[in-house]
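Computed from a prediction, not measured in an experiment: that's the story for all the values here. Below, each value reflects all heavy atoms present in this structure, side chains not excepted, and no hydrogens, waters or symmetry copies. Each chain gets a letter, A, B and so on, in the order the sequences are listed, and its residues count up from 1.
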Amino acid sequence: MVTNSLMLAAILFSIGVLGVVVRRNAIILFLCIELMLNAVNLAFVALSRAVGIEGQVFVFFVMAVAAAEAAVGLAIVISIFRHSETVDLKNFNLLRW
Amino acid sequence: MHHFEPFLLGAIVLLPLVGFAVNGLTAFLAPERKTIPTVVGPTVLALAFVIALTNFVRMLGAELHEPIVRSYWSWMPVGSLQIDAALQLDQLSMLMTLIVTGVGTLIHIFSVGYMKADPGYARYFAYLNLFVFFMLVLVLGASFPLMFVGWEGVGLCSYLLIGFWYKERKNADAGKKAFIVNRIGDFGFIVAMMLIFSNLGTLDYVEVFEAAPAAFAYGGGVITAITLFLFLGATGKSAQIPLYVWLPDAMAGPTPVSALIHAATMVTAGVYMIARAGVLFALAPVSQVVVAGVGALTALFAATIGLAQYDIKKVLAYSTVSQLGYMFIGVGVGAFAAGVFHLMTHAFFKALLFLGSGAVIHAMHEAFHHTHKDWDPQDMRNMGGLRKYMPITFWTMWIATLAIAGVWPFAGFFSKDEIIWQAAAHAVGPYAGWYKVIWAIALLAAVLTAFYMTRMMVMTFHGENRTGEAERKHLHEVPAVMWVPLAVLAVLSVVGGWVNVPHAVADLPVLGWIPTSEWLHEWLHPITEHADEIMAANLPALAETAPIGGSAAFWAVASFGIAVAVIAIAFRVVGSRQYRPAVESPEPVGLARLLYNKWYVDEIYDAVVVRPVVNASKALWRFVDQGLIDGTVNGFGNASRALGWVGSRLQTGQLNTYAFAVAIGVLILLGFVVF
Amino acid sequence: MSDLLWWVFASLAVGGAAGTVLGRNPVASLLSLVLTFFSLAAIYILLGAHFIGALQVMVYAGAIMVLFLFVIMLLNLGHDFRPDLRKGAWLVSGFATTGLIFYFIWRSFAGGEGLAMGADPLLEKAAEGGNAVSIIAEPLFRDFLVAFELTGVLLLVAVIGAVLLAKRRV
């Protein structure tokens with residue numbers, strides 16, 4: 001089951017990467033990032049079953065950080081929405097300069 | 001015989017350089033101040049002459065057999081080649097130094113008067129001093145590269161001085177022509193130096209001339225090539241066929257420059273070079289014939305052109321080319337001392353002739369300036385009867401004319417006569433026939449020389465004055481600062497030949513009155529003995545009689561008589577012609593037209609050499625420089641721009657792009673881990 | 001039995017993930033992701049991480065997703081049914097990269113013997129009087145105390161930052 005869980009984590013991670021690359025909506029982009037984080041959590045938990053309890057402790061921290069990151073990120077999304085009435089990323093190319 | 005230590009040898013060379021620095025600074029910072037160059041210019045030369053003279057006097061008692069080489073610093077140590085900044089003092093370089101500094105001093109003093117009103121006064125003396133410096137490096141250098149430094153340096157100064165009044169396009173062009181034509185000769189010099197180095201491993205005179213007889217077979221291909229290339233360099237610098245075309249144009253410079261550079265010193269560098277490398281030429285009989293043959297042809301050719309020129313300086317320019325031809329006949333047949341002897345006497349009387357013509361032009365120019373007439377002050381058709389107004393110039397120039405025509409007891413008689421005789425005497429061995437032809441050409445050229453020089457004198461000083469009523473009252477003799485050098489040179493033109501009276505003449509009844517006998521030959525013997533040995537070993541003994549007529553004594557008397565006769569005939573013929581001022585004179589026709597236009601040589605060169613080179617250069621410019629090179633460089637630029645454009649497409653500013661880039665990076669890292 | 005359950009929840013998880021990525025509007029994607037979270041929680045429990053499973057539901061599905069939903073409602077994005085997938089080359093290269101990443105990860109695990117599943121930690125500790133919470137709490141407050149405190153600071157900073165960023169005028 002451990003190995004299978006690791007495979008599952010890999011699949012979920014890949015799907016998350018795909019989402020980040022192909023989607024233009026900022027909110028959905030965020031959801032895919034959360035998906036990637038969860039895949040990592042799954043990998044940690046699976047490995048902690050085989051190696052030691054420290055894996056689960058780390059998952060604890062990941063969750064806390066993910067929560068903080070989601071909060072700040074959504075605040076940013078709200079700011080950009082206020083700026084241009086849309087969260088479609090094709091309108092935001094200031095990173096070019 | 002006591003040990004000889006040279007006295008302030010380096011100072012001789014450095015003094016003119018100091019003069020150049022001081023005058024140059026003056027020209028740069030305060031060009032209107034005339035006192036500094038007036039004092040510094042001639043003084044450094046005079047000092048150098050005095051030091052040289054001191055050394056000469058001490059050398060007279062010392063009986064030197066080996067040259068003295070003083071090395072000052074190591075200039076170019078490159079692998080097995082060691083070239084030092086070294087000066088070589090021996091009989092030949094001493095003689096040349098005396099000529100350069102002595103005649104140079106007189107010309108500097110003359111220039112003080114001649115250039116008095118010129119705004120470029122300081123610049124003039126700076127360039128003149130620099131020229132003397134380089135000329136001294138040329139004659140005193142101890143190795144071929146050092147001679148070449150001097151060679152190039154005098155070429156540079158010649159360019160600067162010919163184009164002295166550079167604001168006129170014609171003068172600048174003349175300077176360029178001189179430099180470029182010289183360059184062609186320099187190519188020959190450089191190739192010869194390379195050949196010498198690759199065959200002998202050294203370029204110092206002492207070592208080269210010692211090793212040459214053993215290293216090269218007599219008459220072999222390599223030594224012939226070396227000497228022919230050296231001669232090519234000499235034809236450029238000393239204005240022989242085919243590279244003489246720059247010298248008549250060089251008359252665009254101030255007349256004292258023509259006197260110093262294009263009569264007495266720079267153009268003799270080629271003769272000096274061959275005399276110095278006598279050993280090499282003695283080993284290559286083919287080159288000797290070539291040198292003598294080209295010299296003879298040039299002597300005749302230039303004399304024909306001099307017959308039909310109306311500009312006084314052009315006559316003298318072609319006369320110089322012709323006399324240089326004589327010098328090359330001398331060193332070509334192997335009579336090195338005779339060639340150098342003529343070099344010395346020619347320096348005296350040709351400098352005198354040029355300075356005299358400078359005085360005439362100065363007077364004519366002032367006259368026309370007063371009346372604002374725009375006639376050419378150098379055209380002899382505008383002169384005539386100047387003997388009344390310029391007596392000192394008149395007498396001194398007649399002395400020089402008699403000297404150049406070869407009239408006893410003036411200087412040119414002894415030197416020119418000796419060369420012509422030596423051409424006949426060396427008509428032995430495999431090329432005897434050629435030397436006989438050369439002898440005949442030299443005789444004919446001598447006849448022409450006497451004729452055109454007399455023509456010049458008659459047109460300028462005799463007969464009716466054609467300058468004009470109003471100008472006549474402004475014609476007067478030049479000031480003392482200008483006629484004193486003329487007088488000194490006149491004295492030298494009289495006695496200068498007496499240092500080397502050949503035995504044959506010294507034994508003659510009247511002509512043998514002058515006591516000194518072959519002193520110059522003996523003085524130069526240590527220099528020429530090696531070459532003489534080689535020639536004596538490989539050629540039959542010298543002839544005792546000329547191809548036509550008799551011995552040396554016979555021809556001495558005969559050439560004296562011919563010279564006097566030609567002068568008398570020319571006096572009659574030219575004196576009886578009615579000349580009109582230049583603007584009223586008819587165009588020359590027929591043969592005169594051909595000679596006046598210098599056998600159209602310049603036009604031929606232009607069509608055959610210059611135009612094709614210019615067109616080829618244009619083609620190269622268009623296809624290679626613009627097309628290929630610029631294209632490649634621009635191509636690199638365009639390629640960079642294209643690459644940059646491709647790269648810029650990565651910067652979209654879109655988050656997804658950057659996430660994709662990160663994913664690619666992760667992929668690569670994973671790849672390293674997995675594989 | 002647990003294997004079968006595992007497979008069920010794994011399929012649900014993957015399905016939810018696909019739905020997130022391909023969902024037409026944000027709410028649909030979000031709800032698919034919630035499905036994935038629940039499945040993952042079940043898998044955690046199957047793997048013996050009971051506390052983590054509970055946390056997964058409470059923190060992720062309960063707090064973070066609700067936060068997302070609040071923002072979607074605030075910005076009124078729920079009605080957006082236009083598809084916003086990047087097309088063409090993006091899609092192809094996205095799939096390609098994804099596939100390759102999965103393949104590489106699979107390659108690094110496959111081959112060789114799999115990892116052995118160890119003992120259930122809860123059962124181990126239960127003998128000493130531990131429970132599901134204490135097996136996490138003890139390492140957390142002993143070995144990882146500093147990290148724990150720092151996480152608290154991090155959360156504080158995040159709160160302040162979020163408030164500042166979202167204000168209308170600072």
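- For C/Thr151, the part lying near chain A is the side chain, with the backbone staying farther off; criterion is any non-hydrogen pair under 4.5 Å.
- No side-chain donor-acceptor contact under 3.5 Å links A/Ser79 to the backbone of C/Ala166.
- Residue contact with chain C, scored on non-hydrogen atoms closer than 4.5 Å, involves the side chain of A/Leu8 exclusively.
- Only the side chain of A/Ile53 has a heavy atom closer than 4.5 Å to any heavy atom of chain C.
- When each of A/Ser48, A/Ala10, A/Ala9 is scored by its heavy-atom pairs under 4.5 Å with chain C, the top score falls to A/Ala10.
- If you measure heavy-atom distances from C/Tyr60 to chain A, the contacts under 4.5 Å come from the side chain alone.
- Looking at C/Ala63, neither its backbone nor its side chain comes within 4.5 Å of chain A, counting heavy atoms on both sides.
- Although no hydrogens or angles enter the test, the distance criterion places no donor-acceptor pair under 3.5 Å between the side chain of A/Arg24 and the main chain of A/Asn91.
- Within the 4.5 angstrom heavy-atom criterion, atoms from both the backbone and the side chain of C/Leu67 approach chain A.
- Within the 4.5 angstrom heavy-atom criterion, only side-chain atoms of A/Arg82, from C-beta onward, approach chain C.
- Note: A/Phe44 and A/Phe58 have tilted aromatic rings, judged against thresholds of 30 and 60 degrees for the angle between ring planes.
- Taking chain C as the reference chain and counting heavy-atom pairs below 4.5 Å, the highest number among A/Val51, A/Val2, A/Ile78, A/Leu42 is found for A/Leu42.
- Proximity to chain A is limited to the side chain of C/Leu33, based on heavy atoms less than 4.5 angstrom apart.
- Contact annotation for C/Phe37: only side-chain heavy atoms (C-beta onward) come within less than 4.5 Å of a heavy atom of chain A.
- If you measure heavy-atom distances from A/Ile28 to chain C, the contacts under 4.5 Å come from the side chain alone.
- Proximity to chain A (any heavy atom under 4.5 Å) is shown, for C/Ala147, by both the backbone and the side chain.
- If you measure heavy-atom distances from A/Leu47 to chain C, the contacts under 4.5 Å come from the side chain alone.
- Only the side chain of C/Val71 has a heavy atom closer than 4.5 Å to any heavy atom of chain A.
- Looking at C/Ile136, both its backbone and its side chain come within 4.5 Å of chain A, counting heavy atoms on both sides.
- When heavy atoms are compared at a cutoff of 4.5 Å, A/Thr86 does not approach chain C at all.
- For the set C/Gly94, C/Ala49, C/Ala13, C/Ala18, the entry with the most heavy-atom pairs within less than 4.5 Å of chain A is C/Ala49.
- Residue with the most contacts toward chain C among A/Val87, A/Val45, A/Val59: A/Val45 (heavy-atom pairs, distance under 4.5 Å).
- Looking at C/Ile72, the atoms closer than 4.5 Å to chain A (heavy atoms on both sides) all sit in the side chain, from C-beta outward.
- Contact of C/Phe51 with chain A is made through the side chain alone, with heavy-atom distances under 4.5 Å.
- Both the backbone and the side chain of C/Ser29 come within contact range of chain A, with heavy atoms under 4.5 Å apart.
- Side-chain polar atoms of C/Gln56 and A/Asn41 form no donor-acceptor pair below 3.5 angstrom.
- When heavy atoms are compared at a cutoff of 4.5 Å, C/Ile64 approaches chain A solely by way of its side chain, counted from C-beta outward.
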